[in-house]
Engineer: 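The structure's right below; bear with me while I get my questions together.
Keep in mind that the numbers below use all heavy atoms, side chains included, and drop hydrogens, waters and symmetry copies.
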Amino acid sequence: MRGKRALPVAAAAGLSVVIALSAASPSSAAPDRLEAVTRTALTAEGALAVALPFPGRSPAAVQSLSVQAMKGAASFHVRMHAVDGQDTTDLDFVVGKTGGRGTVSRTGHGSLHLIRVQSMIYVQGDEAFWRSTGESKEAAALLIGHWVGIKGKNKGIEAIRRQLAPDFWISMLSSPKATQRVPGKTVDKTPTVGLTNGGDVVYVAAKGKPYPLLVEDKDTPDNRITFSEWNKKVTFKAPKVLAVVTVNN
C-alpha cells in the first residue's frame, strides 16, 4: 500500500449547503430567498448528519474510536494483497497478544509460513523461498517441509516480529489522521463508514464495535487489506524444529 494512507472522507452533509447556496448567489437572489435556501439546506444537513454513522463525530474522532476498539481486541485475522509493478505480495496472518502465525508469498520469492511465540520466530519455506535467500538447490531440498527457529535481533526478523503482533497494524491505522468521510460499503455483511486523508480509504464497521474491516488503495482498489475474525480464540504453539538459528545485525 502507498505510504499515504486514507482515513475519514469529506463530510457529505456539508456538500448540501454548498450546492444549495451556489444556486442563489447574494448578487442575484433576494435576501429572503437566500435565507430560505440556507435554512432548508441546513435542515437537510442536520437530518443527514443524524442518519450517518457516528453522528456528530469528526473523521479523526471515528478513527480514534476504531483504533481503541482494535487495541481492545484479543486477536484478529488480517489479509493483504498488494501489486507493485510485476510483483504481487499476499499476506495472511492471525495475530494475538502472545503470538501470531500465517503465510507470506511474493512473486519470485516463493512462500513462507511463519509462527511467532512471544519473541521466537519459526519459519518454513518452499523451494522458491530458500533459493531466493541464496541457498543451493540441494540445501533448499533439505529445508523444505521443516521448521527453522530464529532468534536474535536481525533487522529482518524484527520486522517479522512486528507484523505478527497487533501493535504493527494498530500503528498503521493510527496515522495519518483522518480528515474526510467517504461513502461506506458493506464489508462481510457489515455496513461501514469510509475514512480517508486523501490517500487510502479505511472502512470502519458502522454496526457493533467500530473495528476496521477494509483498507483500499484509492487509485488501485485491488491493493487492499482486510480485517476479520475479531476476538476469535487462538493459540500459538512452537513447532518441532529442524534447527534453531541466532541472527544479529
Engineer: Write down the atom of L242, the atom of L142, and the distance for their closest heavy-atom approach.
Structural biologist: CD2-O, 4.2 Å

Engineer: When you look at NZ of K151, are more than 12 heavy atoms from neighbouring residues, nucleotides or ligands closer to it than 6.0 Å?
Structural biologist: no

Engineer: Could you report the tightest heavy-atom contact between L164 and L114, atom names first, then the distance?
Structural biologist: CD1-CB, 3.9 Å

Engineer: Using 0.5 Å steps for rounding, measure from the CD atom of E138 to the CG atom of L143.
Structural biologist: 12.0 Å

Engineer: Examine distances only and state if a side-chain atom of Q68 and a backbone atom of P210 form a donor-acceptor pair shorter than 3.5 Å.
Structural biologist: no

Engineer: Determine which pairs satisfy ring pair (Phe, Tyr, Trp, His ring centres under 6.0 Å) with at least one residue from residues 122-162, sequence neighbours left out, and list them in order.
Structural biologist: none

Engineer: Mind listing the closest non-hydrogen atom pair of V67 and S174 along with its distance?
Structural biologist: CG1-OG, 3.5 Å

Engineer: Does anything in residues 177-215 pair up under ring pair (Phe, Tyr, Trp, His ring centres under 6.0 Å), and if so which pairs, sequence neighbours excluded?
Structural biologist: Y211-W230

Engineer: So does A61 get a backbone contact from the side chain of S58, meaning a donor-acceptor N/O pair under 3.5 Å?
Structural biologist: yes

Engineer: Looking at K155 and E158, is there a salt bridge between them, counting it only when a charged N and a carboxylate O are closer than 4.0 Å?
Structural biologist: no

Engineer: Working to the nearest 0.5 Å, report the span between NZ of K153 and OG of S119.
Structural biologist: 9.5 Å

Engineer: Within a radius of less than 6.0 Å around CG of D87, do more than 12 heavy atoms belonging to other residues, nucleotides or ligands occur?
Structural biologist: yes

Engineer: Verify, without hydrogens or angle tests, whether S111 (side chain) and D126 (backbone) share a donor-acceptor contact under 3.5 angstrom.
Structural biologist: no

Engineer: Of the non-hydrogen atoms in D188 and S228, which two are nearest, and what is the gap between them?
Structural biologist: OD2-CB, 4.3 Å

Engineer: Are more than 12 heavy atoms, taken from residues, nucleotides or ligands other than D90, located less than 6.0 Å from that residue's CG atom?
Structural biologist: yes

Engineer: Are side-chain heavy atoms of H77 and F227 found at a separation under 4.5 Å?
Structural biologist: no

Engineer: Between atom CD1 of I157 and atom CZ of R116, what is the distance when rounded to the nearest 0.5 Å?
Structural biologist: 13.0 Å

Engineer: Report yes or no: does R131 contribute a side-chain atom to a donor-acceptor pair with the main-chain N or O of G110 at less than 3.5 Å?
Structural biologist: no

Engineer: Report yes or no: does D92 contribute a side-chain atom to a donor-acceptor pair with the main-chain N or O of G102 at less than 3.5 Å?
Structural biologist: no

Engineer: Roughly how far, to the nearest 0.5 Å, is CG of L65 from CE of M70?
Structural biologist: 14.5 Å

Engineer: When rounded to the nearest 0.5 angstrom, what distance separates CE in M120 from CZ in R161?
Structural biologist: 8.5 Å

Engineer: To the nearest 0.5 angstrom, please state how far the OG atom of S175 sits from the CD1 atom of I170.
Structural biologist: 14.0 Å

Engineer: Whether the side chain of T220 engages the backbone of N223 through a donor-acceptor N/O pair (distance < 3.5 Å, no angle test) should be reported.
Structural biologist: no

Engineer: Holding to salt bridge (charged side-chain N to carboxylate O under 4.0 Å, His left out), I want the full list of residues that pass it with K232, two or more places apart in sequence or in another chain.
Structural biologist: E229

Engineer: At their closest point, which heavy atom of G152 faces which heavy atom of N248, and how far apart are they?
Structural biologist: CA-OD1, 3.9 Å

Engineer: Any idea which heavy atoms bring G108 and S132 closest together, and the distance?
Structural biologist: O-CB, 4.2 Å

